[in-house]
Protein chains: 2
Amino acid sequence: MAAPAEPVRRGPYAKTVERRRHILDAAHQVFAARGYHAGSLREVAGEAGISLSNLTHHFPTKEDLLLAVLEQRDRDGAAAKAPAVGLRENLLAQARAAGLPESGAVGFRDRLLAQARANESIPGLIALYAVLSAESTTSDHPGREYFVGRFSLLRSAYLQEFEALREAGRLRDGVDPQIAASSLVALWDGIQLQWLLEPEKVDVAAHLAAFLDLVILPQPNLR
Amino acid sequence: MAAPAEPVRRGPYAKTVERRRHILDAAHQVFAARGYHAGSLREVAGEAGISLSNLTHHFPTKEDLLLAVLEQRDRDGAAAKAPAVGLRENLLAQARAAGLPESGAVGFRDRLLAQARANESIPGLIALYAVLSAESTTSDHPGREYFVGRFSLLRSAYLQEFEALREAGRLRDGVDPQIAASSLVALWDGIQLQWLLEPEKVDVAAHLAAFLDLVILPQPNLR
DNA sequence: GTCTATACGATGATAGAC
DNA sequence: GTCTATCATCGTATAGAC
């Protein structure tokens with residue numbers, strides 16, 4: 001999954017990129033508030049102050065627009081400092097920006113739980129990701145490639161963390177870092193879904209903490 | 001969540017229930033193949049060999065039809081013997097039908113993993129549940145109550161199992177049965193999602209087994 | 001009760017003029 | 001690039017036959 005970063009801009013069409021960014025902001029707002037299916041292109045166009053056809057000129061299909069929103073979010077999240085604007089991809093970026101080593105036992109648990117709690121303030125966006133990731137599994141969905149890459153990125157990021165913990169002797173015996181990494185991603189997604197349905201009854205951070213306490217040893221494992 | 005079992009049939013309209021069942025089968029097939037949004041009512045009507053108006057006569061809205069499909073599935077699953085036709089609700093029903101105690105350490109792990117492997121044969125249906133459960137989190141979705149009840153049922157079923165394990169001294173110290181139960185549901189949902197995206201790279205049963213091995217002790221914990 | 005025919009408003013998408 | 005106009009399809013509603 002080699003990321004081509006940014007589509008080529010053939011000339012100094014600064015106005016176009018600005019317009020696109022403006023549209024993406026409007027679309028992000030509409031999708032987060034109403035969801036993907038409930039939010040219409042006409043509403044996005046109205047929010048952006050342009051016509052529907054002008055919108056579809058920049059983004060031919062609704063799904064193209066959606067994917068552009070998601071990718072824009074990833075770029076913003078990677079560059080941002082506050083955890084609230086990111087979801088999970090920027091955990092590593094945050095560590096890097098803070099001058100910490102990219103992986104390692106120090107702070108992994110704290111950073112993860114902080115991100116989990118920050119997510120509680122953006123239930124609309126969490127729900128959007130939940131719906132989209134599930135929808136993307138259906139045949140030939142255009143968002144499929146995005147979510148395959150997203151899950152792959154998350155798994156490898158957590159894999160780094162768990163391997164660093166193992167080298168520090170802080171991984172419980174018998175725990176496979178690979179399984180632990182994908183399980184952490186899965187647990188997070190799943191418990192967020194339950195939280196979305198019953199926010200007052202489910203504590204996402206508590207579940208993640210319990211899982212990490214099962215996998216990570218408080219003291220180095222001397223053998 | 002008191003279940004009123006079956007809507008009242010005022011008279012001996014056997015033809016109506018038969019027709020409804022026929023429609024539900026067609027709708028189930030269409031939704032599982034195309035998803036909820038992509039599958040249209042006209043396609044369901046065509047599949048069932050009836051007119052669109054006749055379809056909407058029996059099920060006024062698309063969401064009514066969907067909920068009826070889900071409930072029909074639950075009834076079938078509870079009455080069926082093969083695990084392949086059920087998802088997870090029928091774990092207890094299976095144990096009951098097999099003459100086993102409803103909860104207890106014996107066979108819980110095996111039954112769970114068998115169900116996980118059986119689910120691999122029905123990816124379309126797993127994807128449907130994944131999409132619907134995520135969609136139901138959006139505001140005032142008619143499927144919301146169903147999935148709230150479904151998650152509640154699953155959690156309490158697993159809670160019974162983990163509490164029985166704890167009484168048998170086979171639960172790891174520090175493990176909260178409540179957290180373990182909701183975590184198991186969450187892990188299952190989440191890892192199934194990753195499996196739907198990359199079936200060849202993700203082993204659902206292996207992840208569930210690894211989690212249970214973390215929580216459940218192979219030998220009674222003598223203290 | 002059961003079924004059909006027809007039509008309405010909204011949606012995503014397209015074609016062509018300026 | 002931006003617009004107006006138009007299209008097929010969607011879920012839904014209504015009127016009425018047997």
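A note on names: the letters A, B, ... follow the listed sequences, proteins ahead of strands, and every chain is numbered from 1. All values derive from a computational prediction rather than experimental measurement.
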Task: Leu70(A) side, atom CG; His28(A) side, atom NE2 - distance, nearest 0.5 Å - done: 9.0 Å
Task: Any Arg19(B) side-chain nitrogen or oxygen under 4.0 Å from OP1 or OP2 of dC3(C) - done: yes
TODO: Please state how far atom NE2 in His57(B) lies from atom C1' in dG11(D), giving the value in whole angstrom units.
DONE: 18 Å
Task: Atom-pair distance (CG on Asp64(B); P on dG11(D)), nearest Å - done: 14 Å
TODO: Could you label the plane-to-plane angle of the His37(A) and His37(B) rings as parallel, tilted or perpendicular, counting under 30° as parallel and over 60° as perpendicular?
DONE: parallel
Which pairs, protein N/O on one side and nucleotides 10-13 of chain C N/O on the other, fall under 3.5 Å?
residue, atom, partner, partner atom, Å
dG12(C), OP1, Lys62(A), NZ, 2.9
dG12(C), OP2, Leu41(A), N, 3.0
dG12(C), N7, Arg42(A), NH1, 3.0
dG12(C), O6, Arg42(A), NH2, 3.3
dA13(C), OP2, Lys62(A), N, 2.8

Open item on the list: Going by side-chain hydrogen bond (donor to acceptor under 3.5 Å, both in side chains), Asp25(A) matches just one of Gln29(A), His22(A), Arg21(A). Which one?
Closed with: Arg21(A)
TODO: Let me know the distance between CG of Leu55(A) and P of dG1(D), rounded to the nearest Å.
DONE: 15 Å
TODO: Starting from the C-alpha separation in whole Å, work towards a yes-or-no answer on side chain to side chain donor-acceptor pair (under 3.5 Å) for Asn54(B) and Ser51(B).
DONE: CA-CA 5 Å; Asn54(B) 194 6; Ser51(B) 70; 5.0 Å; no
Task: Atom-pair distance (CZ on Arg20(A); P on dT2(D)), nearest Å - done: 12 Å
TODO: Measure the CG-CZ distance between Asp176(A) and Phe162(A) for me, rounded to the nearest 0.5 Å.
DONE: 10.5 Å
Task: Any His58(A) side-chain nitrogen or oxygen under 4.0 Å from OP1 or OP2 of dT2(D) - done: yes
- [ ] Would you tell me if any nitrogen or oxygen in the side chain of Asn54(A) comes within less than 4.0 Å of OP1 or OP2 on dC3(D)?
- [x] yes
- [ ] If the plane angle is over 60° it's perpendicular, under 30° parallel, otherwise tilted; pick one for Tyr129(A) and Tyr146(A).
- [x] tilted
